[in-house]
Q: 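I have a structure here, written as structure tokens, and I will follow up with some questions on it.
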Amino acid sequence: VAAAQLGPIQLAEGREVAVARMVRLMERAHARGVQLVVFPELALTTFFPRHHHEDRAEADRWFETAMPSNATAPLFAAARKFGITFHLGYAERTPDGHHYNTAILVSPEGDILLKYRKVHLPGHAEFDPKRAVQHLEKRYFEVGNLGFPVINAPAGDLSGVNMGMLICNDRRWPEAWRMLGLQSVELALCGYNTPSLNQSAAGFEAPHLRVFHSHLSVQAGAYQNATFAVACAKAGTEDGCELFGHSIIVNPQGEITAMATSWDDELITADCNLDMCTLGRTTIFAFDKHRRPEAYDRITGQVGATLPPRWEGK
Ligand code: ING
């Protein structure tokens, strides 16, 4: 597998610029014998949720109404030419006018094997004057309505791999990983666009923690659900706003087996022997043997945290 990390896509750069760069990365992937390529979240355009459009309809320019389209056809053609299965993140506008932050898994023949719409939308819905940079995902996207699906489908020379997807902020929520784990996921695919500086005016966060938290989340999610994971960044400075790279591929033991060291277009690859999922799945994380859902009522019964009762003394 490969993570095909993308560097910045500027506001003025059309989809064809990003697609041409993605085709070049796919060519490099083919040269290295890669069978599955993961591209980032919202891989076709600049990270537009940093821009406020008073009229939401103005933001429709960032969305795809067809997949593939003329702009994305070269990517589908390259995948067919090289026999590569690929993951693509993009802004989806449905025929009936719904807007989602979407990821698809596409076969070399161009079939859409799996579609996922981002559930955990970070940021805010209205312009926030306190913020140095807006993060308006709650303004432009609806919460995903497809759950957290996993599919068993061909990938490369394997006839069936259990594949599932997360998008960006989802990776920080253990519930999202566990939904995939409870469907025996073997390869979790995640694209992200993550600012390298905390822009919410909620307090200082040392910059080095941004990459640390991203890696921590993916490594924990992979380990605790005995799955491989590919986390692929859109990186670099767009409109003066820096997104971090450091894409990674992680094995079911939680080890990073490949990491990007640039914040630009960069291909990282790793071999994935799916048998490596078996140990965790049949011992520590044998869910059927060890999970106690009857004790987890708060996890689906509550949204926010409640306060604990006060100790009344002995
Ligand atoms: N971006 C960021 C992410 O979750 C974020 C937003 C960054 C939230 C850091 C909290 C902390 O990686 C997206 N697009 O979700």
Side-chain angles (χ1 to χ4, degrees), residues 3 5-9 11 18 38-52 59 62-63 87-92 99-103 116-126 128 130-144 148 165-177 180 188-222 229-248 250 259-260 263 304-305:
Q5 175 179 290
L6 287 178
I9 300 174
L11 201 59
V38 177
F39 289 112
E41 168 192 32
L42 297 175
L44 299 171
T45 67
T46 195
F47 186 70
F48 66 87
R50 74 166 70 88
H51 298 289
H52 179 256
W62 303 112
F63 287 76
H87 156 286
L88 177 69
Y90 66 96
E92 175 193 16
H99 298 76
Y100 299 104
N101 186 339
T102 296
Y116 168 65
R117 291 166 172 160
K118 187 174 184 179
V119 167
H120 297 95
L121 298 170
H124 46 106
E126 299 306 327
D128 180 349
K130 291 192 310 301
R131 292 180 72 108
V133 181
Q134 304 301 305
H135 196 121
L136 292 159
E137 291 196 58
K138 291 187 192 309
R139 183 177 187 78
Y140 300 127
F141 303 121
E142 297 169 59
V143 172
F148 292 97
M165 299 187 279
L166 298 173
I167 300 177
C168 204
N169 196 256
D170 288 322
R171 71 192 187 284
R172 302 177 192 279
W173 300 93
E175 299 92 329
W177 287 94
L180 300 183
L189 313 174
C190 177
Y192 64 88
N193 286 224
T194 304
S196 57
L197 283 177
N198 191 331
Q199 297 136 351
S200 59
F204 173 71
E205 180 184 70
H208 74 281
L209 292 176
R210 304 294 276 184
V211 175
F212 169 69
H213 288 157
S214 184
H215 289 179
L216 179 68
S217 300
V218 176
Q219 288 177 262
V230 181
C232 183
K234 162 99 89 50
T237 302
E238 296 181 342
D239 318 310
C241 303
E242 200 175 72
L243 302 166
F244 67 73
H246 276 76
S247 305
I248 51 174
V250 178
M259 180 172 77
W263 288 10

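First listed ligand is number 1; within each ligand, the first listed atom is number 1.
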Q: Once you restrict to heavy atoms under 4.0 Å, what part of Arg50 touches ligand 1? Side chain, backbone, both or neither.
A: neither
Q: Using atom types as modelled and distance alone, determine if a side-chain donor or acceptor of His215 lies under 3.5 Å from a backbone N or O of His246.
A: yes
Q: Under a 4.0 angstrom heavy-atom cut-off, which atoms of ligand 1 come close to Asn193?
A: 1 (N), 13 (C), 14 (N)
Q: What protein heavy atom lies closest to atom 14 (N) of ligand 1? Include the residue and the distance to one decimal.
A: Glu137 OE2, 2.8 Å
Q: When you measure from atom 12 (O) of ligand 1 to every protein heavy atom, which one gives the shortest distance, and what is it?
A: Thr194 OG1, 2.7 Å
Q: Identify the protein heavy atom lying closest to atom 13 (C) of ligand 1, giving its residue, its atom name and the separation to 0.1 Å.
A: Cys168 SG, 2.8 Å
Q: Is the shortest distance from a Lys or Arg side-chain nitrogen in Glu205 or Arg210 to a carboxylate oxygen in the other one below 4.0 Å?
A: yes
Q: How far is atom 4 (O) of ligand 1 from its nearest protein heavy atom, and which residue and atom name does that atom have?
A: Asn169 ND2, 2.7 Å
Q: Examine Tyr192 together with Phe244 and report whether their ring centres are nearer than 6.0 Å.
A: yes
Q: Among all protein heavy atoms, pick out the one at the shortest distance from atom 6 (C) of ligand 1; state its residue, atom name and that distance to 0.1 Å.
A: His135 CE1, 3.7 Å
Q: Quick check: Phe63 with Phe48 (ring centres under 6.0 Å apart)?
A: yes
Q: Would you mind finding which of Lys234, Arg172, His213, Glu41 brings a heavy atom closest to atom 11 (C) of ligand 1?
A: Arg172
Q: What do you reckon, are the aromatic ring centroids of Phe47 and His135 less than 6.0 Å apart?
A: yes
Q: Is there at least one pair of N or O atoms, one from Arg210 and one from ligand 1, spaced under 3.5 Å apart?
A: no
Q: Considering all heavy atoms of both residues, which atom of Cys190 and which atom of Cys168 are nearest to each other, and what is their separation?
A: SG-N, 3.6 Å
Q: Okay, side chain of His99, backbone of Phe141: is any donor-acceptor separation there less than 3.5 Å?
A: no
